[in-house]
Student: 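For reference, the structure I am asking about is given below.
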Amino acid sequence: MAFALQVRGLTKSFPGVLANDHIDLDVEEGEIHGILGENGAGKSVLMSVIYGLYRPDEGKILVRGQEVAIGSPSQAIRCGIGMVHQNLTLVPQLRVFENIILGQEPRRGIFLERQKARRRIEELLHQTGLSIDLNARVRDLPIGLQQRVEILKMLYRGASILIFDEPTTVLTPQEVDQLITYLLALKKQGKTIIFISHKLREVFALCDRVTVLRRGKKVGTCAIKEATPESLAEMMVGRRVLFELPRGRKPAEEVVFSVEGVSTLPEKGKALREVSFRVHRYEILGIAGVEGNGQTELAETIVGLRRVRQGKLVLNGEDITYLSVKERIKRGLAHIPEDRHRRGAILDFTVMENLMLGFEDEPPLRRGLLTLHFPTLQEFASSLIREFEIATPGGDTLVRTLSGGNQQKVVLARELSHPVSVLLACQPTRGLDVAATEYLHRKLLELKNQGKAVVLISADLDEIRALSDRVLVLYEGRIIGELSPESDEYQFGLLMGGKSLAS
Ligand SMILES: Nc1ncnc2c1ncn2[C@@H]1O[C@H](COP(=O)(O)OP(=O)(O)OP(=O)(O)O)[C@@H](O)[C@H]1O
Ligand SMILES: [Mg+2]
């Protein structure tokens, strides 16, 4: 067996955290090797060490059997190792071509050399089947294409071992499918690929073998042929994880929240066009669609961040169209925002501060005019930490240091800590591991079965279908159709692509 990359006894700690604990890894030449594990398991740290971003405390790295010292990304590249980061590192103002050759610009005879570089890139495009306009400016490209530029940049530098750290989290389902096709094509050409993802569907579509990490340690490596989603989840989490949760009772007749003929102006984004729907008690209403078809705008309109031009929003029989965000929350609207780092939580505030965000003016947290009542606050925070099983050293820990799943639990706990009649959940499990995803799904179903209404906006069709009682498809700012969650994927695909079923 020929190995492209091997890691032996690799150990890396940060103050208070043993992120990688004597990890061994064998990546075969030409395979796609998945790295799996819960949030915080140590996947990104391991890849960062291999790519020369962190120095290991102990252990060694071998490339094609030779021990190498990788002290920086440029040394990694010299060893043929390239990495596509989750946060892309391109220069938005420059063109695709310039971004690809950046840092490797030909020196002599500029014009001729540039021509040569261009020819080499075109050859790469041809070989890999990747297609992209080399003259486009990176800032004008959707994320999926920007990622393609990153891939080309690595290939141009001669990388033969390519590391992808959660490349699909930022992509739409269509872009994910394309990425899968390209990665398989790269494999065919003999590249070795390391692929990190929380989505087992992608792992099964791509990987030959997977290595599972748990709390900084390697649990094991297995061939994908011998694995099932259940077995991998159990390796990751250390217990059984349920992928299919019982849905519970049927929705009631009673309407909790309705959107009635709502249109908005196309200021910064897509305009909504005569959007109408109702959500009932005991119902999860799924909103599916290719991202960018008005999901964000719909959520902002419901929450009160975007003005309605026409139509109205009704919550528990009351017109809330012109109420402020705060007034809506008081009347029972809760919200899990799609971007938990920008809107959901303040990373540099403590867990306790985040839990009371927006409620600090309300009794019983506030007594009298000026005093926040600290014992009450602490009691409030620790009861939520217990109830929502937030893994944190304490209420005074910064949210930034929690794993993604626990950050999301903080948001959820806060939103559900006041009386709720409708929860708007936007991309609630993006980037979360299987256990945190299961937790969130259970919570959404629990709310439904308590008689609340839930509007679930998600780009993850599996999630939508697993949880919803009914599904609406959003296309170009309007509701183009309704499907039952049991409808087949083909029907979803048609609607999501804008082909209404009637026509
Ligand atoms: N620069 C750093 N300083 C301190 N601690 C860190 C640093 N980077 C990572 N850690 C810690 O190391 C551990 C492993 O983190 P890592 O980012 O590798 O997790 P992961 O498996 O990639 O998780 P996710 O699925 O959420 O991306 C975590 O406890 C994390 O908080
Ligand atoms: Mg990571």
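Just so you know, ligand 1 is whichever comes first in the structure, and atom 1 is the first atom listed for that ligand.
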Student: Looking only at heavy atoms, which two atoms of G286 and S468 are closest? And how far apart?
Tutor: CA-OG, 3.3 Å
Student: Any N or O on A19 sitting closer than 3.5 Å to an N or O of ligand 1?
Tutor: no
Student: State whether the side chain of R157 and the backbone N or O of L152 hold a donor-acceptor pair below 3.5 Å, judged by distance alone.
Tutor: no
Student: Looking at N39 and L432, would you say the former's side chain and the latter's main chain have a donor-acceptor pair under 3.5 Å?
Tutor: no
Student: So is E166 polar-close to ligand 1, meaning N/O to N/O under 3.5 Å?
Tutor: yes
Student: Do G37 and ligand 1 have an N or O pair less than 3.5 Å apart?
Tutor: no
Student: Can you see whether F388 has K443 sitting over its ring - NZ or CZ less than 6.0 Å from the centre and within 45° of the normal?
Tutor: yes
Student: Look only at the side chain of K218 and the backbone of D24, and say whether a donor-acceptor pair between them is shorter than 3.5 Å.
Tutor: yes
Student: Could you pull out, from R400, K12, K43, the option with a heavy atom nearest to atom 25 (O) of ligand 1?
Tutor: K43
Student: Would you compute the distance between atom NZ of K448 and atom CG of L456 and round it to the nearest 0.5 angstrom?
Tutor: 12.0 Å
Student: Below 4.0 angstrom from a heavy atom of E38, which ligand 1 atoms are there? Numbered from 1 as shown, please.
Tutor: 21 (O)
Student: Can you tell me if an N/O/S atom from S44 lies under 2.8 Å from the Mg ion (ligand 2)?
Tutor: yes
Student: Is A41 in polar range of ligand 1, meaning some N or O pair under 3.5 Å apart?
Tutor: yes
Student: May I ask you to list the atoms of ligand 1 that are less than 4.0 angstrom from any heavy atom of H198?
Tutor: 25 (O)
Student: What residue pairs, at least two apart or across chains, pass salt bridge (Lys or Arg N to Asp or Glu O under 4.0 Å) with a residue in residues 25-47?
Tutor: R8-D26, E28-R209, E29-R64, E31-R209
Student: Measuring from I329:CD1 to H418:NE2, what's the distance to the nearest 0.5 Å?
Tutor: 6.0 Å
Student: I'd like the name of whichever of N20, V17, L432, N39 reaches closest to atom 26 (O) of ligand 1 through any heavy atom.
Tutor: N39
Student: Determine, using heavy atoms of S403 and all atoms of ligand 1, whether some pair is separated by less than 4.0 Å.
Tutor: no
Student: Report yes or no: does G42 have a heavy atom closer than 4.0 Å to ligand 1?
Tutor: yes
